[in-house]
Undergrad: 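For reference, the structure I am asking about is given below.
Residue indices begin at 1 and follow the sequence shown. Order of listing sets the numbers, starting from 1, for every ligand and every atom in it. Here the structure is a predicted model, which is why all the values come from computation and not from measurement.
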Amino acid sequence: MKTIYLVSFIAFFVAQSQAFKFTRCGLVRELRRQGFPEDKMRDWVCLIEHESGRRTNIVGPRNKNGSFDYGLFQINDGLWCNNSTTPGKGCHVTCSELLTDDITKACTCAKRIFKIQGFLAWYGWRNHCQHPGDLPDISMC
Ligand SMILES: *[C@@H]1O[C@H](CO)[C@@H](O)[C@H](O)[C@H]1NC(C)=O
Ligand SMILES: *[C@@H]1O[C@H](CO)[C@@H](O)[C@H](O)[C@H]1NC(C)=O
Ligand SMILES: *[C@@H]1O[C@H](CO)[C@@H](O)[C@H](O)[C@H]1NC(C)=O
């Protein structure tokens, strides 16, 4: 009996944590821990806020070309992650690995995309974060 309670207790928290949403400063702390440079921090926060609303587990609506975007950085399955069980494509991951609470793999992939394409790879950044006045205030973080 006790074991069953413990199991459902743990299962509840696992389910909860899969719907994780960062606060703005929580996100900044985590991005610092993941080694994102301070001089582009506001750009990354802006990008993430417009792409995913700081949620780790969201899959975007189907794009016109039939692809989907995954997780905090809304990374595309046409190019970067395999929408199946074997890690693959540009970031050598499965798309579901980009939806977890532990954002290490998503961050590694986002840095790789950035290295190749820059911030222009993300419509969220292109459309909402190009002007310095657009960038979020993180001075309290
Ligand atoms: C499909 O469209 C999405 C969103 O517009 C874009 O990010 C992605 O690069 C495209 N994928 C391919 C394989 O062209
Ligand atoms: C990718 O996954 C979605 C659900 O997340 C599914 O509906 C879609 O058919 C898959 N796309 C491809 C190209 O396999
Ligand atoms: C994606 O995963 C499927 C299923 O394991 C595999 O057959 C396929 O080759 C993988 N695709 C890529 C591009 O790695």
Undergrad: Present, as a list of atom pairs with distances to 0.1 Å, all nitrogen or oxygen contacts under 3.5 Å between ligand 1 and the protein.
TA:
from     : atom 1 : to    : atom 2 : distance (Å)
ligand 1 : 2 (O)  : Asn65 : OD1    : 3.2
ligand 1 : 2 (O)  : Asn65 : ND2    : 2.4
ligand 1 : 11 (N) : Asn65 : ND2    : 3.0

Undergrad: Can you tell me how the ring of Phe119 sits relative to the ring of Phe114, calling it parallel under 30°, perpendicular over 60° and tilted otherwise?
TA: tilted
Undergrad: Can you confirm whether the thiol sulfurs of Cys81 and Cys109 sit closer than 2.5 Å?
TA: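 In this structure, Cys81 and Cys109 share no disulfide.
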Undergrad: I need the Leu27 CG to Lys21 NZ distance, nearest 0.5 Å.
TA: 11.0 Å
Undergrad: Could you label the plane-to-plane angle of the Phe22 and Phe20 rings as parallel, tilted or perpendicular, counting under 30° as parallel and over 60° as perpendicular?
TA: perpendicular
Undergrad: If the cut-off is 4.0 Å to any non-hydrogen atom of Gly88, which atoms of ligand 3 fall inside it?
TA: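 Atoms satisfying the 4.0 Å criterion: 14 (O).
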Undergrad: Do Thr104 and Asp102 get their side chains close enough for a donor-acceptor pair, meaning under 3.5 Å?
TA: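 Result is yes, a qualifying pair exists.
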Undergrad: Side chains of Ser67 and Asn65: any donor to acceptor distance under 3.5 Å?
TA: yes
Undergrad: Which distance, rounded to the nearest 0.5 Å, do you find between the CD1 of Ile58 and the CG of Leu99?
TA: 9.0 Å
Undergrad: In terms of atom number and element, which parts of ligand 3 are under 4.0 angstrom from non-hydrogen atoms of Asn82?
TA: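 The atoms of ligand 3 under 4.0 Å from a heavy atom of Asn82 are 1 (C), 2 (O), 3 (C), 8 (C), 10 (C), 11 (N), 12 (C), 14 (O).
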